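Only one structure is covered here, and it is reproduced in the block below.
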Amino acid sequence: MSTHKVTGTSSFRNMNSFSDILEERRHSSDVAWITREWNPIRTVRDAQATNPIDVRKAVLNSMRIKEVIKELSQERGIAPEVLYKEVEEQLTEIGHNRQISIVRWIGLFVTKVLKKTCSNLMVNEEAISKLKSSMGNTPVIFAPSHRSYADFILMAYICFHYSIEIPCVAAGVDFMAMWLMGTLLRDCCAFFMRRQFSGDKLYYTVFSEYVQTLICQGTAPVEFFIEGTRSRSAKSLVPKFGFLSMALEPFLTGQIPDVLVVPINISYDRILEEKLFSYELLGVPKPRESTSGLIKALNALDEKYGKIYADFGEAISVRDFLKSHMFQRSSHSMGPIHLQSLSDQEMSMIRILSHQIVRSQQQISVLSPFHLVAVILNNNLLTNGTFDMQLSELVKEVAWFRSVIEMFGATVDISGDVEICVREALHVHKSLITLLPDGGVQLKAVHTPGTKVDVSRLKGHALLDDTMNRAVPLLMLQHYVNPTLHFLANPAMITTVMQHLEPSGEISRDNLFPRYQLVRGMLSHEFVMHKTWEEKDFDEALRVLDLVNIVETTSAGLLSLGNHRKLQVLLCNVLHPFFAGYLALSQTLAQVCGEARPERLVLCEAQRRVEMGLKSGEVSHPAALSLDGLSCGLQALVSVGAIHKIRRGEEVLYVANLKELKVVTEHLETLVALHGMDHKWSWQQLELHQSLPAKL
Amino acid sequence: MKSADDGTEKMKATACSAVEQPRDSASEPQQQQQQAVCSIDRSCVQRKGVKNVQSVIPRNRLELLKWNGWGYKDSMFDVKGDILYFTGKRYPIGNQTLPYFTDWAINKLGIDVNRRNRAQPLPKPSDFPKAKVETAFLSELKALRISHSIAGLDRLVRAHGQTLHDAFILREGAFERIPDVVVWPECHEDVVRIVEVAQKYNVVVIPFGGGTSVSGAVSCPIKEQRTILSLDTSQMNRILWIDHGNLVACCESGIIGQDLERALQAQGYTTGHEPDSYEFSSLGGWVATRASGMKKNTYGNIEELLVSVRFVTPTGVLEKKTQVPRMSCGPDFNHIVLGSEGTLGVITEATIKIRPLPPSKKYGSIVFPDFESGVKCLREVARQRLQPSSIRLMDNEQFKFGQTLRPPPGYLGLIIDGLKRMYITKIKGFNVDTMCVATLVFEGQKKDIEHHEKKIYAIAANFNGIPAGEKNGERGYMLTFVIAYIRDLALEFNVVAESFETSVPWDRTITLCKNVKHRIGEECKTLGIDHYFISCRVTQTYDVGSCVYFYFGFNWTSLPETSDPLSVYERLEEMARDEILASGGSLSHHHGVGKLRAKWFCGQVSPLGVQLYSATKKQLDPKNIFACGNLVHIPSSSL
Ligand SMILES: Cc1cc2nc3c(=O)[nH]c(=O)nc-3n(C[C@H](O)[C@H](O)[C@H](O)COP(=O)(O)OP(=O)(O)OC[C@H]3O[C@@H](n4cnc5c(N)ncnc54)[C@H](O)[C@@H]3O)c2cc1C
């Protein structure tokens, strides 16, 4: 297996270093395990756990709070005592607790649930022991991927299992409102963060001081989700760096000697929220977090969710990271520490670091057999216009694709007989895919027609029932295609570009690179690619494409497409829905954004256009309806200068730069058109399996 | 005392009104040095009121001092049986075995007392590179009757200061470049002439005071092709006058700290300037490096002590023509001289403040549960501007180390034992592995001292500090001078060690200390160094911040065969410096920049600052004959 080296830190990796931590639970007493004597490793060796009350006190008495209160009380004419009161209230809202007894109780409950619903919880133990050996005298930040609510619980659970201090995790305040859940999370070391607070100076100061106190004086890892929210699409989201820069400020201003950031990936065979996410992507908003919602979700726990994989990436020493980027840290020697703010160069370093964290999360992800099944079925749909496939054919294709994607650096959890693995995967996902008695595989209708949707809460265009009917299951399927794309995107971009070369079909590396750059510029938000990695990624992708016979070097030293036609098609197919969505978007923008228009309107219009395209056969995949995808498209168009983003208070508006937009639209048109080559499929013909799942 | 240059000595001795005998004249006369003898008809006029001071240190330094290590020849750490002890009678721990210290060295630094690396022997005259010097130039010196030498040993002795690098090379290597000729001017006028001739012959001049530099400042730039002349100021060591009414004294720049103090104290005065190197460092060196003394709280640092200065440069003599307490008269050019580190000219005379000797002096000490409490206490003392003459805070490592430098039980003043007796109950909360100690020196009227002490101890109590007696304080200061000898011992047992320092705002003092220790610890771990010692102390406090002094040493036995301990040390010190700067500290509080820290100079003073310095340099020394290359390296071609 080759590993995809961008950060230079990944090392040879395979499933052998993973162990199933549920295995032990199935054979010994849960209660004995949960009540065992627990002496976790902390970020400060041999230290006692810091008392949460002390943290709040330290914040309250900090220089920074003192000063901000002085300032605000003068500015607003409010007595300092009143502001102190407010700070105390905010701290009560923010502050975590550490109730190990609660952790134990929840741990017991989670054990039971996991044992019932999941077959395995695979954790990379080698990585864990490496992590533990690096802990003890440096603050540690855990940066897990965020695909499901389960991430919160699993992180704490895994830490409890391996006797690592339960991390203080940043959670959104919406959790707090949930009856019981808020308290429970808080007792398990969650602290709470309001959604939008950059305008609220007092809150901002209190919250960042809280985080920095945890970093500087805490003894537990600080955990946060760098993607900001659960990724509805299962693709990585463009990292948010507000929290990270807050957390790194003490290091950058010389208050601590280093910080370790540990990228963590939690991959799921099947995600609890899969259906909900598909609706959300289509614009039907998620229900507000509520405990009853959770209980409903718990009913979903009757289902099977297969395997969960957790891997801990190599800890990034922020000091080493800066050093490798030739960055000298010494610009904060003037003025009091609490008045320092980060420079533009520092912010751009943090931006690169955030991207690297996400990249690392991608690299340490694990693909389960169903991810490959999804790719093959989806590809079949786009190539042959039909979903249906025979199991034997599917197994063959999965086996082939597995060898390909492993070449591209992915870790795939298939061992032994592929057919068994595929059957298991289909079983876990039987609510989405049916295996017919004749060995045929079919997609199921999962949307209940006529479902009452509160139109006033819609985020996008009100899609027709018919559209929903087909789009929901296909978006669910896309959800499982997406995690593979981090390994495929770069090779796929090159392949797509090479599909429509001049008649000669040959191109030099140096001529190919700018064309790749152009496409990549458009997709870099979609796949979280930092500009500075362009060349490295390009060369790495070329190297792999050469290995799989997609790109060949001619005797004249030029590059041309090789004879691996099947894979070429697949690679072009995976990118197609994105280009289609972006095209619809840019056409929409050209039409409506002659003057500034609000974001929501643009998205609605674009969705409407895609819906029409699907009907007319112009658009071939409903993934183009995804609001996440369309938002990425907006970002991309902004970054290439085709549209401008305007902020008016809370509102975000867009206005087109028609000349630039035209160029981009034409480019997208060629990319999409080229794609039409093998399509016989039209949206209207998609057959869904309506009956109950067949027994497997 | 015998000197190689009897003529001069005799002349000086007879002219001297207050001759003092050196403390120790037991050292054997060295082999006769071949050197040009100059005598009679001194052009240096004996002015009225001039006091010749008999220096402790003979002109031939090696009669009294080690050629390849720190300090007096008769004083060093040595091994007797399996136990370390300190030789000689000069220091209070002299001639005493040190079993605790031995254990400490074995456990902390992993040394094996039976495996000793002996230094190379004194080089033979033929071992030295030939002096590269034109005869015409030497003839001019002769004609000017300026004492000089091209003897290898004389040149070697002035080729280095006291950095680890210097010590290491002396023990087991050879300097790539040493001066070609050494001269001993005896007065300001001599220096003026030397500089003139040097300018004429384009000869490089490196002023040499006490040679205690720890920044590579007196070393020869390796690539220098021109003749290098070491200008040894040691024979310019008279006290030219004392102004009792205004409390100032004018001295020649070569006077050594201990000589100056002894001579002044005989008259009831003190400068109060006591850098830890004051036994050997010179007034000119202090000015040239912006030195800082232990008791600066009462007397001020050198820049506050300095009233005026005579400064000989290739383009003329810079001096202030007044002896006033302060003036508003444009930029203060004293500050061009202060910190010039031998790159702009030679300080020949300095007028400095003196103070009547304090009627009484008292030591004190305070123990704190941890370093943070100690720093907070020092900060509070500084906030109230209540610092006694000296107040220092040692961290736990140094506290523990200090405890080991004592003979077996029976000796008084052991902090731990003493405390056990005195404060057994109170101490209960103290952890031996976190506690640390502050040492204090009070000076003044007995009553004032008592009053002052009370205030300080009251502040200390707010930070859980407990007074721990006079003895412990005194020991702390006594050890200061002894600690400098440890490095030579260490080198014999595969341990390389050095100190470095910084100044830092109060709000970053604690974090800076932590960060640097962390950095060093991590790097040692990465390099596989199992035995190392990193420790710090706050040695000075100011209104706005403190001075922090680090000791770092490690046993290099565990390093791979191929890596050279010296460069590993230098790399680690460089990382420590980067960490210091990133933590808000300065490049140096008092050691200076020299060559060792020149790469960071621009970052500290801004590019314009460097240009300003260079412009000054160009004006004062257009041919760059003061080319020792400190601060900024200026290639001669660019001038
Ligand atoms: C054990 C030890 C303890 C120390 N403790 C202290 C301390 O407490 N405080 C402190 O400030 N420093 C301390 N130092 C550093 C050193 O002693 C000081 O920098 C001291 O000022 C150097 O004086 P020196 O006479 O030895 O100068 P040298 O080492 O001879 O020279 C230092 C620099 O000054 C220049 N120079 C010397 N004399 C003249 C002159 N007359 N005119 C022009 N330039 C001249 C030299 O060219 C050189 O660049 C210590 C050093 C050691 C080894």
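Just so it is clear, the model here is predicted, and its values are computed rather than measured. Order of the sequence lines sets the chain letters (A, B, ...), proteins ahead of strands, with each chain counted from 1.
Within 6.0 Å of the NZ atom in A:Lys57, the count of heavy atoms belonging to other residues, nucleotides or ligands does not exceed 12. Around CG of A:Asn61, the count of heavy atoms belonging to other residues, nucleotides or ligands within 6.0 Å exceeds 12. No more than 12 heavy atoms of other residues, nucleotides or ligands shown are found within 6.0 angstrom of CD on A:Gln48. No more than 12 heavy atoms of other residues, nucleotides or ligands shown are found within 6.0 angstrom of CE on A:Met63. Crowding of B:Lys517 atom NZ: a count of heavy atoms from other residues, nucleotides or ligands under 6.0 Å exceeding 12. Residue-environment remark: CG (B:Asp433) exceeds the threshold of 12 foreign heavy atoms within 6.0 Å.
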| query | When you look at B:Glu522 and A:Asp258, which way does the side chain to side chain contact (heavy atoms under 4.5 Å, CB included) test go after all the steps? | reply | CA-CA 10 Å; B:Glu522 289 298 292; A:Asp258 199 359; over 6 Å; no
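Across all non-hydrogen atoms, the minimal contact from B:Asp507 to A:Ile337 is OD2-N, 3.4 Å. Among all heavy-atom pairs drawn from A:Ser333 and B:Gly584, the shortest one is OG-CA, 3.9 Å. Among all heavy-atom pairs drawn from B:Ala582 and A:Arg329, the shortest one is CB-O, 2.8 Å.
Distance CD1/A:Ile256 to NZ/B:Lys514: 10.5 Å, rounded to 0.5 Å. Between atom CZ of residue A:Arg319 and atom CE of residue B:Met575 there is a gap of 9.0 Å, rounded to the nearest 0.5 Å.
Using modelled atom types and a 3.5 Å distance limit, the side chains of A:Gln255 and B:Asn515 yield no donor-acceptor pair.
The greatest number of non-hydrogen atom pairs below 4.5 Å with chain B, out of A:Pro257, A:Pro250, A:Gly254, is found for A:Pro257.
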